[in-house]
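Predicted model only: the values in this text are computed from it and were never measured. All ligand and atom numbering here is 1-based and tracks the order in the structure. Start at 1 with the first residue, then count along the sequence.
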Amino acid sequence: MCGIIGFTGYLDAKEVLLEGLAALEYRGYDSAGIACCVKEENPIKIIKSVGKVSELRNIVPASLDSGCGIGHTRWATHGGVTVPNAHPHHAGRVTLIHNGIIENYHELAGELAKTGRTPVSQTDTEIAAMLIDSLYEGDACDAIKKASERLDGAYAFCILFADQPDVIYCIRKGSPLVICNTEEGSVVASDMVALLRYSKEYFVLPESQIAKLTKNAVTVTDLDGEPVMPQMLSVNWDMSAAQKNGYKHYMLKEIHEQPEAVLRTVTPRIKKQGELLIPNFSEDGIPDELFLSADRVIIAACGTAMHAGLVGRILMERLLRIPVAVEVASEFRYEDPIINEHTLVITVSQSGETADTLAAVRLSREKGAKTLSIVNVKGSSIARESDYVLYTHAGPEIAVASTKAYTAQLAAFYLIAFRFAYAKGTLSAQDCSAYMKSLSDIPKAIEDTLLSKDITKELSKRLTPSHDLFFIGRGLDYALSCEASIKLKEISYIHSEAYAAGELKHGTLSLVTTGVPVVALATQPDVFAKMISNVKEVCARGAFVILITTPQNAPLVDRSVADVLISLPETESEFTPFTAAVILQLIAYYTSSYRGLDVDQPRNLAKSVTVE
Ligand code: M6R
């Protein structure tokens with residue numbers, strides 16, 4: 001949510017900033033701006049525009065000669081999408097960019113007004129710039145420290161001081177910042193994807209510590225001025241992993257990367273035990289005791305990550321026979337949740353920075369629960385603050401609509417459920433091994449599913465003019481329906497709802513009229529007959545029925561109830577969420593694409609939600 005980049009060094013700063021902003025645009029794309037240090041009377045030049053980074057590029061003069069600057073791509077929180085509200089913001093000697101929300105900005109604005117300071121924008125960020133300027137007496141770290149003591153909320157700031165050319169100061173609380181230093185200069189960004197062009201080695205700026213970036217070095221100090229040595233991290237992917245590589249959209253590329261994403265997540269964690277295949281987390285440092293000592297599990301996450309948790313819940317309850325609840329992270333912290341040292345809280349997050357999910361980790365730890373996070377981004381806040389972390393190895397996910405991160409999260413839940421059921425003795429070693437074999441076959445099953453792209457293309461043409469759409473299923477299929485619904489909604493702007501199939505007739509069936517599309521997932525053998533009854537109910541109201549099922553069940557379907565029948569590749573029934581997810585993602589993708597929408601950057605959304 002908002003992308004930040006800063007550079008000081010020996011390259012053309014405006015190019016570094018504009019390329020970095022293009023890489024970070026998925027974090028917000030309402031408006032964008034840069035500020036560069038120049039050798040003129042007014043030493044900081046600010047250029048901002050409404051719209052995408054490409055529009056900003058059009059107005060940045062080629063003659064802008066600078067080796068130091070900061071840039072920002074915005075997802076509006078306070079104040080509309082206007083040029084004055086775009087970042088960078090300027091107050092006196094301070095120019096800054098911000099990711100996060102300053103919760104007490106109104107109160108601070110009141111205080112600053114008494115000293116004659118009036119903002120020109122409607123943003124919380126400008127108030128922060130004014131505050132820092134009001135505290136600046138030549139010592140940048142001191143002003144930043146004093147400001148941080150006054151600011152409530154979340155922030156990542158990159159700050160330029162007019163009297164310190166070519167130096168960038170940074171501080172963060174709750175919002176991410178990663179930093180690297182190379183022979184070409186020092187770079188700071190919200191996300192590693194913007195640093196990758198310069199280095200694979202980086203560090204995450206620890207919270208409430210100040211980084212000072214100069215052309216040749218980066219120094220970090222705590223708020224008392226004591227030097228800090230941050231922990232260096234590295235990524236094992238390169239620039240091509242964060243590019244489209246010939247695909248029209250990142251989303252389509254990422255859908256096709258799912259076999260690899262699942263393979264990379266699963267393979268290192270399946271070990272041979274004699275002839276048997278058993279999941280093993282010793283290299284992740286996750287002990288069996290974590291589950292054996294838990295009397296209940298709570299999964300907290302947002303959006304698609306939460307939907308992966310819905311599948312995880314079913315698997316864990318079935319296999320482990322302990323209560324598992326799924327909580328929307330944004331509600332969890334305000335519900336005074338009943339958790340204690342016997343509770344295991346599993347959080348799930350692609351970015352590892354989602355503010356509400358991070359808050360769930362913090363609250364759970366405060367209350368004595370153990371926390372395990374399933375996270376894709378290495379070194380992210382959620383990963384660092386959890387007791388244990390199980391990384392998904394999906395690689396960088398750029399499209400706002402999450403696809404490969406979701407199936408990698410599913411894979412993580414399958415590993416967890418099987419390992420701990422085995423450790424607990426509720427699953428025999430033989431059965432566990434058989435499941436592991438099936439899980440190892442999933443990447444191939446996903447590849448086979450991708451071969452049925454044409455069916456989804458055809459179907460999507462039919463769905464393109466729809467206004468409303470329903471996804472129905474039972475058990476695992478209901479969990480998947482929830483994911484299918486959000487995917488379609490967020491990128492195609494078609495209203496859709498996911499319903500437990502049996503629940504439809506308790507109210508929502510009144511919305512199902514002639515021609516309304518209903519996607520029915522019927523992959524689970526134990527509820528197949530019941531599902532078909534529910535399909536008949538919508539069929540009787542004239543719905544346009546798309547039935548997704550398995551090769552085992554397909555021959556049992558009375559074809560008069562399905563306008564379109566999609567048969568998934570053969571897998572054990574427990575594993576159909578992987579293949580069904582791919583079909584549903586493709587339907588969402590093509591529907592959005594045929595509607596001529598911006599698939600990768602849907603309106604009003606951003607990839608990483610670092611505000612509550
Ligand atoms: O980074 P996270 O996994 O924590 O993000 C959670 C949600 O914001 C995210 O899954 C969102 O729902 C996606 N846009 C869905 O495709």
S.K.: Report yes if Val609 has an N/O atom closer than 3.5 Å to an N/O atom of ligand 1; otherwise report no.
M.R.: no

S.K.: Near Ser349, which atoms of ligand 1 are under 4.0 Å from a heavy atom of that residue?
M.R.: 1 (O), 2 (P), 3 (O), 4 (O)

S.K.: Assess whether a salt bridge exists between Lys404 and Glu254, defined as any Lys/Arg side-chain N lying under 4.0 Å from an Asp/Glu carboxylate O.
M.R.: no

S.K.: Which ligand 1 atoms does Lys487 reach within 4.0 Å, using its non-hydrogen atoms?
M.R.: 15 (C), 16 (O)

S.K.: In Å and rounded to the nearest 0.5 Å, what is the OG1 to CD1 distance from Thr508 to Ile472?
M.R.: 11.0 Å

S.K.: Pull out every atom of ligand 1 sitting under 4.0 Å from any heavy atom of Ser351, numbered as shown with elements.
M.R.: 1 (O), 2 (P), 4 (O)

S.K.: Run the side-chain hydrogen bond (donor to acceptor under 3.5 Å, both in side chains) test on Gln243 and Lys253 for me, step by step, so that the C-alpha distance in whole Å, both residues' side-chain angles and the decisive distance to 0.1 Å come before the verdict.
M.R.: CA-CA 9 Å; Gln243 285 167 348; Lys253 174 186 170 235; over 6 Å; no

S.K.: Show, in sequence, the C-alpha distance, side-chain angles and deciding distance for Ser386 and Ser373, and conclude whether the side-chain hydrogen bond (donor to acceptor under 3.5 Å, both in side chains) test is met.
M.R.: CA-CA 6 Å; Ser386 302; Ser373 60; 3.1 Å; yes

S.K.: For Ala156, is there any backbone N or O sitting under 3.5 Å from a side-chain donor or acceptor partner on Arg172?
M.R.: no

S.K.: Which atoms of ligand 1 are found less than 4.0 Å from any heavy atom of Ile486?
M.R.: 12 (O)

S.K.: Does Tyr250 have its ring centroid less than 6.0 Å away from the ring centroid of Tyr26?
M.R.: no

S.K.: Any nitrogen or oxygen of Ser402 lying under 3.5 Å from a nitrogen or oxygen in ligand 1? Just yes or no.
M.R.: yes

S.K.: May I ask you to check whether Phe420 and Phe281 place their ring centers less than 6.0 Å from one another?
M.R.: yes

S.K.: Just do the side-chain hydrogen bond (donor to acceptor under 3.5 Å, both in side chains) check on Thr304 and Glu483 with the steps written out, would you?
M.R.: CA-CA 6 Å; Thr304 287; Glu483 175 51 16; 2.9 Å; yes

S.K.: Any nitrogen or oxygen of Thr357 lying under 3.5 Å from a nitrogen or oxygen in ligand 1? Just yes or no.
M.R.: no

S.K.: Glu490 heavy atoms, cut-off 4.0 Å: which ligand 1 atoms fall inside?
M.R.: 13 (C), 14 (N), 15 (C), 16 (O)

S.K.: I'd like to check which ligand 1 atoms, numbered from 1 as shown, lie under 4.0 Å from a non-hydrogen atom of Ala305.
M.R.: 3 (O), 10 (O)

S.K.: Would you call Glu490 and Leu605 a side-chain contact if the rule is heavy atoms closer than 4.5 Å?
M.R.: yes

S.K.: Does the residue Val400 have a heavy-atom contact with ligand 1, meaning some pair of atoms that are separated by less than 4.0 Å?
M.R.: yes

S.K.: Taking the side chain as every heavy atom from C-beta outward, state whether Leu96 and Thr125 have any atom pair closer than 4.5 Å.
M.R.: yes

S.K.: Please compare Cys302, Ala308, Ala606 and report which has the shortest non-hydrogen distance to atom 6 (C) of ligand 1.
M.R.: Cys302

S.K.: Tell me: protein heavy atom nearest atom 9 (C) of ligand 1, and distance?
M.R.: Thr304 N, 4.0 Å

S.K.: Atoms of ligand 1 less than 4.0 Å from Gln350 heavy atoms?
M.R.: 1 (O), 2 (P), 3 (O), 4 (O)

S.K.: Short list, please: which atoms of ligand 1 are under 4.0 Å from a heavy atom of Ala401?
M.R.: 16 (O)

S.K.: Can you tell me which residue and heavy atom of the protein come closest to atom 5 (O) of ligand 1, and the distance to 0.1 Å?
M.R.: Thr354 OG1, 3.5 Å

